[in-house]
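Heads up, the thing below is written out as structure tokens.
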Amino acid sequence: MSDEPELDATDEASKLDEIMAVRREKLARLREAGIDPHPPRFRPSHTLIEVRDAHHALPAETETDEVVTVAGRIVGRRELGRLTFLVLREDGVDLQLFCRSGTLDDAARALLAELDVGDWVGATGVVMTTRTGELSVGPSTLTLLGKGLRPLPDKWHGLTDTEQRYRQREVDLTVNPDARRVFATRSRIVSALRRTLQGHGYVEVETPMLHPIPGGASARPFVTHHHTLDLELYLRIAPELYLKRLIAGGMRRVFEVNRSFRNEGMSPRHNPEFTMLESYAAYDDYTDIMALTEELITAAALAANGSTDLEHQGRPLSLAAPFRRVTLLDLVREATGRDDLTYDLPRADVAALCATHDVDVDDAWGVGRLVVALYEELVEPVLWEPTFVLDHPVEVSPLARTHRDDPAVTERFELIVGGRELANAFSELVDADEQRRRFTAQVAARHAGDDEAMRIDEAYLRAMELGMPPTGGLGVGIDRLVMLLADVATIRDVILFPTLRPDRPDDDRPDTDRPDTD
RNA sequence: GCGCCGCUAGCUCAAUUGGCAGAGCAUCCGGCUCUUAACCGGCAGGUUCGGGGUUCAAGUCCCUGGCGGCGCACCA
């Protein structure tokens with residue numbers, strides 16, 4: 001021991017500090033022994049799942065003559081005299097290393113003494129089973145692939161603290177199989193959507209996320225600033241307007257899967273950044289898009305679960321097409337028992353109906369918006385089976401084409417599943433002059449205090465003035481689709497790193513107002 | 001934003017009416033050549049989220065701040 005006072009070092013050292021100090025000592029010993037704790041590469045001959053698949057039927061107490069090299073993170077360690085059992089984990093698959101002192105080479109024996117749960121390690125040895133039948137690799141040599149300095153959570157209870165799971169997703173992914181499952185499912189879903197669209201000739205594109213004017217949806221944007229241009233920019237709230245400009249430019253079918261940002265409340269169903277799929281097709285109307293939507297949802301469900309039947313939050317749910325199609329007005333008539341309800345009724349009558357059903361309304365809302373309020377309050381939450389809700393009022397649909405048979409509504413649908421909106425689509429409004437009038441109405445609403453109302457986007461209007469074909473557009477909330485198909489209750493469980501407040505005051509955050517020093 | 005609930009060892013959790021802060025796992029030391037939540041023995045580990053207050057005495061009560069969860073509002 002040193003002569004220095006131990007007070008500072010020991011009295012203030014937490015258990016975590018002690019554990020990490022011990023691990024650093026092990027690391028130092030390994031380096032002294034000439035072992036590189038961070039080798040530049042490693043070449044396993046097999047993944048753990050490959051070894052498991054190839055030998056799943058091996059009887060107990062069998063030692064094959066097949067030598068494999070595998071790798072993974074140590075998630076379990078059991079010592080029994082000169083025997084050591086290590087549990088290796090790779091991509092959520094576990095395989096045991098049966099380490100016999102007599103079989104290991106000298107270097108491996110020395111390394112084994114310094115190995116902890118959490119370390120990454122490679123092993124070369126024979127495929128075998130133990131007396132109890134556990135498929136194992138019996139290594140003759142071990143290779144350190146990465147030393148862990150921090151301990152992993154409790155091997156049995158894992159990491160259950162919600163906050164820590166989101167803040168330290170790498171730990172969550174290591175110890176909680178369900179986290180891994182959800183994100184694997186998400187990947188398969190997005191791939192299936194891409195495949196399906198590409199199969200119909202849709203071209204994937206990427207449009208700006210920095211917008212001079214936020215558009216394409218009704219939402220409060222994030223504001224940012226570009227130094228060189230000295231320009232206010234907005235993180236996009238939707239890609240819609242740019243994608244439709246591509247249709248105006250003659251791209252027949254396009255889609256984009258990427259992030260949008262909305263500066264609004266957070267909840268189990270809302271994250272400030274979220275992923276949307278939007279697609280646009282020349283010549284199509286919203287009935288064509290309904291067929292496309294059914295196909296996309298089916299493909300996603302099959303990719304996720306191999307079936308269109310699933311259980312969501314304890315309730316069975318069938319996603320088998322075709323989905324029910326019913327107008328928004330008919331749904332509200334049914335829910336209120338008012339068969340005489342139309343968009344032509346005096347506003348006071350509809351407002352009174354809202355009052356009857358305890359639906360809060362705003363004085364600025366017209367009849368269309370009032371009917372939508374009734375729908376959102378009384379109908380949407382109880383629509384469990386997939387339902388295309390059709391023909392929303394013009395008042396709430398500034399970018400959608402007026403219905404060919406009814407000037408009060410648009411050719412629009414929302415797909416509702418499990419009480420939630422999964423998709424929103426319409427026959428796109430392509431009449432430049434009509435679009436300008438709709439924008440003007442939005443600006444009036446903005447002046448009346450609706451800070452989510454849309455602004456006039458001249459570049460977009462100019463594109464429409466160039467001439468647009470009939471166009472069918474679709475938007476799908478990917479996060480919510482994954483929630484549904486993976487059966488999870490909160491959006492934070494389908495986003496790898498959900499937005500959280502910093503867990504401690506952060507004094508050295510970059511200061512965006514400071515002039516560049518270079 | 002508002003309301004309710006939570007925060008104790010690295011992890012998972014206890015702590016009676018306000019009365020000495022504990023356990024399991026992990027770590028560390030010792031034992032064991034077929035374990036798999038291994039087992040057996042031993043040592044150690046605490047800013048009870050931060051700050052303030054009441055009290056002889058605060059994890060517990062009060063005030064205040066932080067972070068999270070849920071609900072409401074807004075939306076996808």
Side-chain angles (χ1 to χ4, degrees), chain A residues 10-23 25-26 60-61 63 75-87 94-104 116-118 128-136 138 148-168 171 175 216-220 237-238 259-278 360 362 376 380 414-416 420-424 450-452 475-481 483 489-492 498 500-505:
Chain A
T10 54
D11 285 5
E12 290 186 15
S14 68
K15 190 65 195 180
L16 176 60
D17 294 332
E18 183 192 318
I19 289 171
M20 292 186 68
V22 166
R23 294 212 174 185
E25 285 166 16
K26 291 177 178 173
E61 261 189 298
E63 187 149 340
V75 295
R77 177 179 175 131
R78 295 177 291 274
E79 276 184 81
L80 205 156
R82 280 174 292 161
L83 273 184
T84 301
F85 302 87
L86 297 178
V87 181
D94 292 355
L95 186 68
Q96 178 170 273
L97 297 183
F98 181 77
C99 303
R100 289 158 292 196
S101 176
T103 308
L104 291 173
D116 292 299
V117 168
M128 54 169 288
T129 51
T130 61
R131 201 167 286 171
T132 53
E134 180 78 25
L135 183 66
S136 308
L149 300 177
R150 283 182 186 277
L152 251 32
D154 186 282
K155 65 184 173 190
W156 183 245
H157 298 96
L159 187 69
T160 61
D161 182 81
T162 315
E163 184 176 352
Q164 298 308 320
R165 286 185 42 237
Y166 300 148
R167 289 197 195 281
Q168 304 181 55
V171 179
V175 301
S218 300
R220 288 174 54 195
I237 56 177
R259 225 66 59 77
S260 288
F261 307 84
R262 298 190 185 174
N263 204 342
E264 292 170 342
M266 296 167 62
S267 82
R269 286 160 295 284
H270 304 263
N271 196 66
E273 52 179 311
F274 63 102
T275 300
M276 271 210 303
L277 162 68
E278 287 203 9
D360 292 335
D362 191 297
E376 287 176 348
E380 186 175 288
E414 290 183 335
L415 173 63
I416 309 300
R420 295 203 201 119
E421 180 188 334
L422 264 197
N424 182 23
D450 181 357
D451 59 3
E452 292 186 351
V476 178
I478 297 300
D479 309 280
R480 290 186 178 176
L481 178 61
M483 287 172 68
T490 163
I491 198 168
R492 294 179 214 96
L500 295 177
R501 281 195 166 88
D503 62 348
R504 64 192 62 192

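The analysis underlying the following values was restricted to heavy atoms, covering all of them including side chains, and did not include hydrogens, waters or symmetry mates. Each chain gets a letter, A, B and so on, in the order the sequences are listed, and its residues count up from 1.
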Given B:A37, B:C13, B:C32, identify the nucleotide with an atom nearest to the side chain of A:Leu80. B:C32

Is there a donor N/O on one and an acceptor N/O on the other, under 3.5 Å, for the side chain of A:Glu134 and the base of B:U35? no

In plain terms, say whether A:Arg100 and A:Glu63 are close enough for a salt bridge, that is, a side-chain N and a carboxylate O under 4.0 Å apart. yes

Now, which nucleotide makes the Watson-Crick or G-U wobble pair with B:C7, with each of the two distances under 3.5 Å? B:G66

Pairing partner of B:G1 (Watson-Crick or G-U wobble, both distances under 3.5 Å): B:C72

List the atom of A:Asn271, the atom of A:Phe274, and the distance in Å for their closest heavy-atom pair. O-CD2, 3.9 Å

So for A:Asp154 and B:G24, does any side-chain atom that can act as donor or acceptor lie under 3.5 Å from a complementary atom in the base? yes

Per the atom types in the model, does the base of B:U35 pair as donor or acceptor with the side chain of A:Thr130 at under 3.5 Å? yes

Interatomic spacing from CZ in A:Arg262 to CD in A:Glu273 - rounded to 0.5 Å: 13.5 Å

Closest to the A:Thr490 side chain: B:C70, B:U35, B:A26? B:C70

A:Leu159 has an atom CG; how far is it from atom C1' of B:C13, in whole Å? 14 Å

Of all the nucleotides listed (B:U33, B:G71, B:G68), which has the minimum atom distance to the side chain of A:Glu163? B:G68

Side chain of A:Glu18 only, please: which of B:G68, B:A44, B:U35 is the nearest? B:A44

